[in-house]
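To keep things clear, I will list the structure first and then write my remarks on it.
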Amino acid sequence: MMSLKQFWTKKTLVGLGLGQFLSLLITSTGFSSSELSNRGINAPTSQSFLNYALLTVVYGSVMLYKRQALKAKWYYYVVLGLVDVEANYLVVKAYQYTSITSVMLLDCWSIPSVMLLTFIFLKTKYRFRKRAGVIVCVAGLVMVIFSDVHAGDRSGGRDPRKGDLLVIAGATLYAISNVSEEFLVKNVNRVELMSFLGLFGAIISAIQISIIEHNELKSIHWTAGAAFPFFGFSLAMFLFYSFVPVLLKMSGSTMLNLSLLTSDMWAVIIRIFAYHEKVDWMYFLAFAAVAVGLVIYSGGDKEEDQHQCIAGVGDEDAGRSKYFDEEADFDNINRGAIAGSSKTGDTSKHDCITSGERSETIENKNIGKEVQGKKS
């Protein structure tokens, strides 16, 4: 039976806190996009361009200063940049056709997409507790949907069906982007990922702007009311992109997408206190359900790491298939694919490796004794 101390590990608390910080950043980008759309500014690619440019300048400078060699093929980052740019374009574009609530609700489509992709391509195995956490989180979102239907909150938007389709398409691309970033950040490093994602994202965005948004940019009347949400969106996205790899390496892409579910709830809280709007009581019940689901999904990682270590010493192959969870699966890829490149100082992994080396040394000594006995 798992004790409360084992459940509330440092990794769990940091993962939950970082996930909610990212969720608040996404909430701020949602309000910024909605405000720009209300002002008649429809330039989704231009909103993302500054973010990619900041990523290139900041992380590219660090990479050049350290003179890091490129560990992944450059064309991987071209594909990732294209997917990421179009995901941002589709979701931001959706704010022109449907309400902010609809966008945040339908964006949760990325969760089953991420789980399916990690299961197929990264061989991630989700234990019962993690699956239960996902179910509880999604149940909370279902409550929000019923609340919206009851309150008539989703009636906004000039073409809700088109907006909903754009969000679903964008969420699917987000899932592909998140899973790709999770693989790269655990097998390459954060600085290289951000540098080249920013570089190729900026190039692709610039090409797209020159084709479909140059007239829109010329027609924008830049006032303080337009500039603040435009540049605020870029700053929030830069912070979001900078901290996403940290959570991906720590807890995986499913935990990231589950954490972002609360962005809709933070939006409701902002609407209550900043805009003095009344919301349905089911929102608060949904918020509690999502919070409980996140705790169930992320809690007790330390205990799982110990199980994996014991299983790896006794029967390595059987232990992998039975106990390896999302993060341990990638740590195993790290050791096999690029030995020595990972700098994670996880104590449980160190103990597991030490135990394995100790058992191998004992076996070698026993074999040596048997050989000496036969010679004598």
Side-chain angles (χ1 to χ4, degrees), residues 13-37 44-59 84-85 87-95 100-101 103-111 114 137 141 144 167 170-171 173-175 177-178 181-182 185 190 193-194 197-198 201-202 205 227-275 287 290-291 294 298:
L13 295 173
V14 172
L16 288 170
L18 182 57
Q20 291 315 295
F21 174 67
L22 295 174
S23 183
L24 283 168
L25 289 174
I26 283 295
T27 303
S28 66
T29 62
F31 275 98
S32 298
S33 296
S34 182
E35 179 65 23
L36 289 171
S37 180
T45 309
S46 302
Q47 287 178 231
S48 301
F49 172 78
L50 186 56
N51 164 51
Y52 292 121
L54 285 171
L55 290 174
T56 305
V57 171
V58 174
Y59 291 99
D84 199 73
V85 167
N88 285 326
Y89 174 80
L90 291 172
V91 172
V92 175
K93 188 76 173 176
Y95 285 98
I100 183 174
T101 307
V103 173
M104 290 185 173
L105 285 173
L106 292 170
D107 202 32
C108 71
W109 169 254
S110 59
I111 295 169
V114 162
C137 284
L141 263 292
V144 177
V167 176
L173 292 179
Y174 272 141
S177 176
N178 290 160
E181 286 181 35
E182 181 179 355
V185 78
R190 175 171 169 255
L193 172 61
M194 292 293 97
L197 175 60
S205 295
F228 182 77
F230 189 91
F231 291 104
F233 175 92
S234 299
L235 179 60
M237 286 296 284
F238 172 75
L239 292 173
F240 179 80
Y241 273 67
S242 296
F243 285 100
V244 158
V246 179
L247 186 59
L248 287 175
K249 190 169 186 176
M250 183 185 302
S251 304
S253 49
T254 303
M255 178 60 182
L256 168 65
N257 284 272
L258 288 174
S259 297
L260 298 184
L261 288 180
T262 56
S263 60
D264 186 56
M265 286 61 168
W266 292 122
V268 171
I269 293 174
I270 292 172
R271 284 160 52 190
I272 292 172
F273 292 100
Y275 299 98
F287 190 92
V290 172
L294 284 170
S298 61

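Here the closest non-hydrogen pair linking Leu248 and Ser253 is CD2-CA, 3.4 Å. Residues Tyr52 and Ala202 come closest through the heavy atom pair CB-N, 3.5 Å. Here the closest heavy-atom approach between residue Ser46 and residue Phe230 is recorded as O-CZ, 3.7 Å. Counting all heavy atoms, side chain and backbone alike, Gly15 lies closest to Ser251 at CA-OG, 4.5 Å. Taking both residues in full, the closest heavy atoms of Ser110 and Asn257 are given as OG-OD1, 2.7 Å, listed atom of the first, atom of the second, then distance. Nearest approach of Gly19 to Leu247, heavy atoms of both residues: CA-CD2, 3.9 Å.
In terms of modelled atom types and a separation under 3.5 Å, the side chain of Ser259 and the main chain of Met255 share a donor-acceptor contact. Not one N or O on the side chain of Arg190 forms a donor-acceptor pair closer than 3.5 Å with the backbone of Val244. No side-chain donor-acceptor contact under 3.5 Å links Ser263 to the backbone of Ser23. In this structure, Ser32 contributes its side chain and Ser28 its backbone to a donor-acceptor pair below 3.5 Å. Looking at Thr56, its side chain does come within 3.5 Å of a backbone N or O of Gly198 through a donor-acceptor pair. Without hydrogens or angle criteria, Asn51 side chain to Gln47 main chain gives no donor-acceptor distance under 3.5 Å.
The structure places CG of Leu260 at 13.0 Å from CH2 of Trp266, a figure rounded to the nearest 0.5 Å. Note that OH of Tyr95 and CD of Glu35 are 13.0 Å apart. Values are rounded to the nearest 0.5 Å. Note that CZ of Phe228 is 9.5 Å distant from CG of Leu235, once rounded to the nearest 0.5 Å. Considering CZ of Phe240 and CG of Leu25, their distance stands at 7.5 Å, rounded to 0.5 Å. Here CG of Asp84 is found 8.0 Å from OG of Ser48. Values are rounded to the nearest 0.5 Å. The line from CG of Leu239 to OG1 of Thr29 is 11.5 Å long, rounded to the nearest 0.5 Å.
Inter-residue side-chain proximity for Asn88 and Tyr174 is flagged as met; some heavy-atom pair is nearer than 4.5 Å. Side-chain contact between Glu182 and Leu256 is absent, with no heavy atoms from C-beta onward closer than 4.5 Å.
Using bins of under 30°, 30° to 60° and over 60° for the plane-to-plane angle, the ring pair Phe21/Phe243 lands in the perpendicular bin.
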Carefully, step by step, assess Leu54 and Tyr241 under the rule side-chain contact (heavy atoms from CB on, under 4.5 Å).
CA-CA 10 Å; Leu54 285 171; Tyr241 273 67; over 6 Å; no
